[in-house]
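Here, residue 1 is the first one in the sequence, and each next residue gets the next number. Both counts, for ligands and for their atoms, begin at 1 and track the order of listing.
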Amino acid sequence: MLEKVKGFSADRVIEEFEALTKDAERVQRETLFRILHDNREAEYLQNLGLRGRIDPHSFKSCVPLVTHKELETYIQRIADGDSYPILTGKPITSISLSSGTTQGKPKFVPFNDELVHSTMQIYKTSFAFRNRAYPLRSGKALQFIYSSKQFKTKGGLTATTATTNVYRSEQFKRTMMDIHSLCCSPDEVIFSPDFHQSLYCHLLCGLIFSEEVQIVFSTFAHSIVHAFRTFENVWEELCFDIKEGVLSSRIMIPTIRAAVSRLLRPNPQLADTIYNKCVGLSSWYGVIPALWPNAKYVYGIMTGSMEPYLNKLRHYAGSLPLMSADYGSSEGWIGANIDPELPPESASFTVLPNIGYFEFIPLKEKGDLMEQNSDLLSNQREQEPIGLTEVKVGEEYEIIITSFAGLYRYRLGDVVRVAGFHNSTPKLQFIRRKSLILTINIDKNTEKDLQLAIEEADKLLAAEKLEILDYTSHVDMSTDPGHYVIFLELSGEAREEVLSSCCDCLDLAFVDAGYVGSRKVRAISPLELRVLKRGTFHKIMDHYLTLGGAMSQYKTPRCVALSNGKVLQILNSNVLKSFFSAAYN
Ligand code: AMP
């Protein structure tokens with residue numbers, strides 16, 4: 001039996017989910033009706049000649065597929081305070097800033113209560129399924145969550161990251177209580193203006209409540225890995241704070257000091273227990289279950305660009321299961337992970353058919369990707385989008401969303417594969433971001449291709465007991481012809497021969513025919529490996545955080561364009577050594 005807690009029933013959530021997914025086609029039609037009806041006054045829809053029609057056919061024939069670029073001026077007018085119904089019938093209440101790691105700067109995205117509502121629905125749905133597999137009692141969660149800076153737009157709307165907009169909402173805490181995931185740390189820690197001080201306090205509060213913690217969580221897995229890498233450096237200081245009952249002087253923000261100090265009492269016994277457990281660990285393997293003995297699992301998004309952190313996360317999690325969290329974006333949620341027992345590598349996301357209207361552009365071959373990078377060609381060759389219930393198992397699609405927050409037929413930029421169906425709604429696997437990141441002429445490489453190449457190099461380095469801490473790439477056109485540059489930050493010093501073979505290995509690991517052909521005829525110069533000083537990726541992360549990004553949504557940029565001058569400068573000024581591939585000599 002699932003536990004029932006004050007008004008929240010996991011059984012009921014599952015029942016509702018089953019009903020929605022059994023009749024996904026009807027629910028999708030009704031959802032589109034609702035979106036178009038609620039927003040029939042919106043200037044955007046009026047201008048497209050929809051004139052109040054709310055059927056899928058009129059919608060598809062009048063409303064074009066768009067990217068963020070086409071909506072920028074509308075969103076800017078909302079941010080500037082134009083109160084006219086521009087994209088939505090009801091006014092937009094705040095602006096979300098997307099993580100911006102892909103484009104180099106955050107995008108403005110409309111946010112409203114409907115998005116809070118669907119966020120809670122997703123949280124509750126995946127929790128209900130998780131709780132069947134790993135039931136929780138009332139307790140707490142060690143949540144590495146962080147707000148971002150907030151500012152007012154010209155029109156007086158609050159602009160901040162989508163996660164911060166959710167944490168600010170009234171429903172957030174209530175839902176966290178319902179799903180036994182209340183954060184150990186006080187709000188002052190979550191809403192701190194300084195990420196480093198927040199992280200230290202999250203760790204400290206987690207240790208203070210170590211017996212009560214049942215979940216270790218962050219939105220994206222990278223934050224958990226980052227938290228425990230930090231823990232390796234600060235654990236003695238944390239023990240000291242607990243022993244003395246006095247907060248470290250590194251916490252300087254008065255509100256955080258006051259809030260955390262209220263939780264801290266001298267507790268030499270707890271400090272000694274933590275100290276002894278840490279000393280007894282080998283290379284920090286299993287630190288999470290050692291220090292949080294009642295934790296049932298580690299939870300966060302572990303798919304897509306988070307996969308490279310899985311090894312390290314497994315190392316810290318030891319015997320605890322890793323559970324990949326749901327699929328969504330600042331623009332809106334898509335699906336929940338309802339198979340918590342599957343390893344993150346196999347995770348899929350079951351689309352909730354009532355939280356948006358979803359369409360899918362079939363992608364038959366990788367060549368389609370190239371065409372979609374060129375607007376002209378994509379208009380000529382692209383296949384028609386199909387509906388949620390029309391997708392086929394095993395096929396890949398670009399996902400298009402229509403939301404309750406003013407986005408209509410919006411290209412999210414993600415590629416998904418249909419892993420199967422739950423009732424009549426598909427289960428999607430995240431495959432990659434759609435855009436090509438490495439391309440010089442006829443070569444086409446995505447973020448996923450880069451990840452596979454890095455995995456090959458990782459094998460060579462693992463044999464030397466070295467770890468790739470993080471990586472990124474760049475297309476360097478300053479040579480003629482241009483070449484790929486791969487930046488690696490390693491856990492230790494590697495021998496020159498190892499790095500040199502690592503460079504060749506990376507070059508050979510890009511197996512795309514366009515790349516191989518171009519390398520053979522020297523239409524692309526040899527790949528360059530640049531090895532970075534320790535801490536370079538922290539500097540890059542700090543740079544994004546100062547731009548207004550939030551650690552909760554941070555994703556390492558996997559390719560840095562020439563236009564992203566500051567990040568490129570951080571990378572280039574931290575290069576220890578560089579190597580050119582001899583693979584095609
Ligand atoms: P943001 O700009 O921070 O809103 O990030 C949204 C993007 O993060 C999505 O478009 C995806 O590319 C990625 N993302 C979100 N959830 C997942 C997931 N469960 N698995 C893989 N990638 C995800």
Checklist entry - Can you list the steps and then say if Tyr44 with Tyr408 is a ring-ring contact (aromatic ring centres under 6.0 Å, His included)? => result CA-CA 9 Å; Tyr44 182 74; Tyr408 307 94; 5.7 Å; yes
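Short contacts between ligand 1 and Ser329, defined as distances under 4.0 Å to a heavy atom of the residue, involve ligand atoms 4 (O), 6 (C), 10 (O). Against a heavy-atom cut-off of under 4.0 Å, Gln553 is close to the following atoms of ligand 1: 1 (P), 3 (O), 4 (O). The distance from ligand 1 to the heavy atoms of Asp414 drops below 4.0 Å at these ligand atoms: 9 (C), 10 (O), 11 (C), 12 (O). Near Phe349, meaning under 4.0 Å from any of its heavy atoms, are these atoms of ligand 1: 19 (N).
Under a cut-off of 6.0 angstrom, the local environment of NZ in Lys60 is crowded, with over 12 non-hydrogen atoms contributed by other residues, nucleotides or ligands. Other residues, nucleotides and ligands contribute only 12 or fewer heavy atoms inside 6.0 Å of the CG atom of Leu562.
Among pairs with a residue in residues 301-320, those fulfilling salt bridge (Lys or Arg N to Asp or Glu O under 4.0 Å) read Glu307-Lys448, Lys312-Glu467, Arg314-Glu345, at least two apart in sequence or across chains.
In the candidate list Phe430, Trp333, Tyr327, Tyr554, Tyr327 is nearest to atom 17 (C) of ligand 1, counting heavy atoms.
By the criterion of a heavy-atom distance under 4.0 Å, the backbone of Asp326, and not its side chain, is placed next to ligand 1. Counting heavy atoms closer than 4.0 Å to ligand 1, residue Arg433 contributes side-chain atoms (C-beta onward) but none from N, CA, C or O. Contact annotation: for Thr303 versus ligand 1, heavy atoms closer than 4.0 Å belong to both the backbone and the side chain.
Here's the thing with Ser98: none of its N/O atoms is less than 3.5 angstrom from an N/O atom of ligand 1.
Ring planes of His422 and Phe129: perpendicular class, angle over 60° (limits at 30 and 60°).
Contact analysis puts Lys555 in contact with ligand 1, with a non-hydrogen atom separation below 4.0 angstrom. Residue contact check for ligand 1: Thr163 places no non-hydrogen atom closer than 4.0 Å to it. Heavy atoms of Gly328 come nearer than 4.0 angstrom to ligand 1 in at least one pair.
Side-chain rings of His315 and Tyr309 stay apart, their centers remaining 6.0 Å or farther from each other.
Checked options Leu506, Thr556, Asp458, Leu450; the residue passing with Tyr471 is Leu450 (criterion: side-chain contact (heavy atoms from CB on, under 4.5 Å)).
With a 6.0 Å cutoff to the six-membered ring centre and a 45° limit on the axis angle, Arg130 does not count as a cation-pi contact of Tyr297.
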